[in-house]
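I have placed the structure first, in the form of structure tokens, so that the comments after it can refer back to it.
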Amino acid sequence: MNAQGSTAQIDLNSDVGESFGSYTLGDDAAIFRSVSSANVACGFHGGDPSVIAQTCRDAAAAGITVGAHVAYRDLAGFGRRFLDCSPTELADDVLYQIGALEAMARAAGAAVRYVKPHGALYNTIVHHTVHARAVVDAVKAYDPELPLLLLPGAVAAEMASAEGMRVVTEAFADRAYTPEGTLVSRREPGAVLQDEQLITERMVRLATEGTLTAVDGTEIRVEAASICVHSDTPGAVAMAAAVRAGLEGAGVRIGSFA
């Protein structure tokens, strides 16, 4: 059962728009055939103005919901490094990114419908109260009606809920989980899953039963209304298609939470 109390529908989201200049990352157009929500990079970890604009146009044409994939200001590290910035600086950076994406989305006939932190920022605000507060305050200042897409149990989720904001929790199709329900660090072996059949079976079980098997073999509860399929994982396009087909085959409808 998902976070909204129903197994009838679940969202599939993917991180897109992360190419930069002459460098291409992922196949966004192909991923759009399988997902219902697009976490569009806002230029701080990936994406440049032309990439972001084209991604918004493609998402709008495909009927995909656009979300702001905000990050630490870390292009060199692809947003996967913690930055010890002040809460004011972080809040301003998050607000700036949402606003930049909103301009591109509006020009494409779409709009920013939710916010999802990226990489190190996403994982940091699971437990870092100062940075969690900065992210929540920035989103609330922009639009308190915007949902935040977060990991279940994150301190940022608790803060946003306390502010009356909508929190949508997610699971990751291609990531291994600890017994505590957090993601295994990418630095650890086996952190990223690549077996298409295994991934599909795990996500069907998640959507229909609300459980996953952790790396130590224990069964954990994961409340999720959305599943992330990373676009830069090897075989990502085929994996996303397989996950969608598996979910639909199990009677689960794919649709955006926003």
Side-chain angles (χ1 to χ4, degrees), residues 11-20 23 25-26 28 31 35 37-49 51-52 55-56 59 64-85 87 89-102 104-105 112-128 131-139 142 146-152 154-157 160 167-175 182-187 191-192 224 226-233 236 258:
D11 174 64
L12 287 181
N13 76 79
S14 189
D15 304 343
V16 296
E18 294 176 324
S19 299
F20 189 88
Y23 301 94
L25 187 64
D28 296 347
I31 285 287
V35 302
S37 296
N39 316 316
V40 182
C42 302
F44 275 30
H45 76 278
D48 59 42
V51 167
I52 296 169
T55 303
C56 288
I64 306 298
T65 299
V66 171
H69 204 29
V70 299
Y72 285 126
R73 199 186 311 176
D74 179 30
L75 269 176
F78 197 63
R80 288 179 175 161
R81 301 181 295 189
F82 170 76
L83 293 186
D84 192 18
C85 50
E89 181 181 12
L90 178 56
D92 290 344
D93 280 356
V94 169
L95 188 60
Y96 179 93
Q97 291 175 80
I98 299 171
L101 181 61
E102 181 68 38
M104 299 298 193
V112 174
R113 298 296 185 190
Y114 65 93
V115 175
K116 176 183 172 179
H118 163 82
L121 182 58
Y122 183 95
N123 290 318
T124 295
I125 63 175
V126 170
H127 56 82
H128 195 298
H131 282 194
R133 171 53 62 191
V135 171
V136 170
D137 286 351
V139 175
Y142 181 81
L146 276 184
L148 269 163
L149 185 58
L150 300 167
L151 195 70
V155 66
V167 173
V168 179
T169 54
E170 69 174 337
F172 288 79
D174 59 351
R175 294 295 300 277
T182 57
L183 301 178
V184 174
S185 170
R186 286 180 179 269
R187 298 184 181 89
V192 179
S226 185
I227 294 171
C228 179
V229 286
H230 284 117
S231 62
D232 60 342
T233 300

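None of the values given here were measured: they were computed from a predicted structure.
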For a quick test of reading the model, state the closest non-hydrogen atom pair linking [X] to [Y] and the distance between them.
X: S37; Y: Y114; value: CB-OH, 3.4 Å
X: A38; Y: I64; value: N-CG2, 3.6 Å
X: A173; Y: I227; value: CB-CG2, 3.9 Å
X: L146; Y: V112; value: CD2-O, 3.4 Å
X: V51; Y: D48; value: N-OD1, 2.8 Å
X: G17; Y: A41; value: O-CB, 3.4 Å

Spell out, as yes or no, whether a donor-acceptor pair under 3.5 Å connects the side chain of [X] to the backbone of [Y].
X: D15; Y: H230; answer: no
X: E18; Y: G26; answer: no
X: Y122; Y: L151; answer: yes
X: S19; Y: L25; answer: yes
X: H131; Y: C85; answer: yes
X: S14; Y: V229; answer: yes

How long is the span from the [atom1] atom in [X] to the [atom2] atom in [Y], to the nearest 0.5 Å?
X: N39; Y: T65; atom1: CG; atom2: OG1; value: 10.5 Å
X: F44; Y: L121; atom1: CZ; atom2: CG; value: 11.5 Å
X: F82; Y: N123; atom1: CZ; atom2: CG; value: 12.0 Å
X: H128; Y: D84; atom1: NE2; atom2: CG; value: 6.5 Å
X: C56; Y: E102; atom1: SG; atom2: CD; value: 9.0 Å
X: I125; Y: L90; atom1: CD1; atom2: CG; value: 8.5 Å

Original post:
For D74, what residues pass the side chain to side chain donor-acceptor pair (under 3.5 Å) criterion, not counting sequence neighbours?
Top reply: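 Per chain and number, D74 pairs via side chain to side chain donor-acceptor pair (under 3.5 Å) with R81.
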Original post:
Quick one: are Q97 and L101 in side-chain contact, heavy atoms under 4.5 Å?
Top reply: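 They are not in contact (no side-chain heavy atoms under 4.5 Å apart), so the answer is no.
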Subject >> Y142 atom OH, over 12 foreign heavy atoms within 6.0 Å >> reply: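 Enclosed.
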**OP:** Before giving the answer on side chain to side chain donor-acceptor pair (under 3.5 Å), spell out for S226 and D11 the whole-Å C-alpha distance, their side-chain angles and the decisive distance to 0.1 Å.
**Re:** CA-CA 4 Å; S226 185; D11 174 64; 2.5 Å; yes
**OP:** Report the relative orientation of the aromatic rings in H118 and H45; use parallel for angles under 30°, tilted for 30 to 60°, perpendicular for over 60°.
**Re:**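 Parallel.
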